[in-house]
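The block underneath contains the structure these notes are about, expressed in structure tokens.
All of these numbers come straight from a predicted model, not from anything done at the bench.
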Amino acid sequence: MSRRAALRRAAVREWGPPAAAVRTALAERGARALALTLTATALTALVQLVQNQSWGYGPVRALGAVRAEDPFWSALLRTPLSLFVPALDLPVWGALAQILLVFGVAEICLGRWRTLAVAYAATLAGTLYARIGVALGPEAFLGLPASDARVVDTGPSAAVVALAVYVCHQRRARFTGALVVVAMVVEVLVKDNLAGREHLAAIAVVLAVCGVREWLGRRAPAPRTGRRAPAPRTGRRAPATRTGRRPPAPGAGRRRSAQGLGAGGGGTRSGAPPMRSWNFRRGPAQRTSWW
């Protein structure tokens, strides 16, 4: 097998299932399959356009900018909009392309609500890490300098990274998921800033969620084969019918027919007359038993 054929086979095994899911969803539902993705992309583009205006910079910062120095509940209320506020020092087309690609694949593979939940969980994880890191200080492990308390959070990038790792785990694209994690680690090593560390915090939360899902999946009971187990015998007698008689036990009809007895218990087995109890015999000479 040539090297090109091996690479093609590995690419199909890695990206084939997500690509097939995206192709099927687009063929069946069209643009409706990407409703969340298109909305997020349009909202991000609109926020970018507004914050670059002199009249729009202040409202966008007041409603969607989250910093570690802000009060916790105020920052928590700004978190939903902060997901769609791109960084000013980066080209907006890069953020739009990331949202369109990663959110689109995640929406089709994971579903709309799970995609939104993972995105917000990753954004919230980055925001909480910034607060904890600033509180620990630069001397502590994973601590941050006090100047990072005034830096605005990463925006949609943390959600994009977390969704990429989650989709790779869900679709068993292990090489791509590992490549994303390694790229984020290299980013922090080359340029250590708050955005890179928030990306790692989002990845850590997603990996923890994936680990819990794997553990719960292994503990789940095996599916039933469809065969029912025989009912245990309780030893209780069958209830009486309206006539006062109890239904015959299973197999009683076969035993009666084998003994030559009728339905009411009468009949003979070998032509001999039926036996009578000793108390119907007349006279002590006819008794054949002491009991």
Side-chain angles (χ1 to χ4, degrees), residues 1-41 44 83 86 90-119 121-123 125-126 154-191 195-196 198-218:
M1 182 183 296
S2 63
R3 181 176 300 179
R4 180 176 300 180
L7 291 177
R8 182 177 180 180
R9 185 176 179 180
V12 170
R13 183 172 60 252
E14 185 81 5
W15 300 318
V22 171
R23 185 166 54 250
T24 303
L26 292 178
E28 293 178 353
R29 294 182 290 167
R32 293 179 301 171
L34 301 175
L36 175 62
T37 302
L38 297 178
T39 303
T41 305
T44 304
L83 181 61
L90 296 177
V92 67
W93 60 266
L96 295 179
Q98 291 176 1
I99 293 174
L100 188 61
L101 177 62
V102 178
F103 268 68
V105 176
E107 183 177 1
I108 292 175
C109 295
L110 304 179
R112 190 169 302 163
W113 294 110
R114 186 182 298 182
T115 299
L116 200 59
V118 172
T123 304
T154 60
S157 59
V160 167
V161 172
L163 283 173
V165 175
Y166 194 92
V167 170
C168 290
H169 173 266
Q170 199 259 354
R171 294 291 172 169
R172 302 303 180 188
R174 305 182 186 276
F175 178 77
T176 305
L179 191 63
V180 172
V181 175
V182 171
M184 294 300 102
V185 173
V186 172
E187 177 191 6
V188 172
L189 295 178
V190 173
K191 187 180 180 180
E198 287 186 352
H199 293 166
L200 293 182
I203 290 176
V205 170
V206 168
L207 290 180
V209 172
C210 294
V212 171
R213 285 175 54 87
E214 288 288 337
W215 180 67
L216 293 178
R218 293 176 182 176

When rounded to the nearest 0.5 angstrom, what distance separates [atom1] in [X] from [atom2] in [Y]?
X      : Y      : atom1 : atom2 : result
Cys109 : Gln170 : SG    : CD    : 6.5 Å
Glu14  : Leu179 : CD    : CG    : 9.5 Å
Ile108 : Leu36  : CD1   : CG    : 11.0 Å
Leu163 : Leu101 : CG    : CG    : 11.0 Å
Glu214 : His169 : CD    : NE2   : 4.0 Å

Minimum heavy-atom distance [X]-[Y], with the two atoms named:
X      : Y      : value
Ala159 : Thr123 : CB-OG1, 4.0 Å
Ala162 : Ala122 : CB-CB, 3.3 Å
Arg13  : Pro17  : O-CD, 3.9 Å
Ala164 : Val102 : N-CG1, 3.8 Å
Pro156 : Ile99  : CB-CD1, 3.9 Å
Thr154 : Ala195 : CG2-CA, 3.3 Å

Could you tell me if the side chain of [Y] sits less than 4.5 Å from the side chain of [X], heavy atoms only?
X      : Y      : result
Arg112 : Leu116 : no
Leu38  : Leu100 : yes
Tyr166 : Val209 : yes

| query | Hey, are Glu107 and Arg32 close enough for a salt bridge, meaning a charged N less than 4.0 Å from a carboxylate O? | reply | no
| request: Output yes when a side-chain donor or acceptor of Thr37 lies under 3.5 Å from a complementary backbone atom of Phe103, and no otherwise. | output: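 Yes: the side chain of Thr37 pairs with the backbone of Phe103.
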| request: May I ask you to decide if Ala106's main-chain N or O and Thr115's side chain share a donor-acceptor pair within less than 3.5 Å? | output: yes
| said: I'd like to know if the side chain of Ser157 pairs up with that of Gln98 as donor and acceptor (distance under 3.5 Å, no hydrogens or angles considered). | reply: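 Not at all, the side chains of Ser157 and Gln98 share no donor-acceptor pair under 3.5 Å.
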| If you count the non-hydrogen atoms of other residues, nucleotides and ligands that lie under 6.0 Å from CZ in Arg172, is the total more than 12? |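 More than 12 heavy atoms, drawn from other residues, nucleotides or ligands, come within 6.0 Å of this atom.
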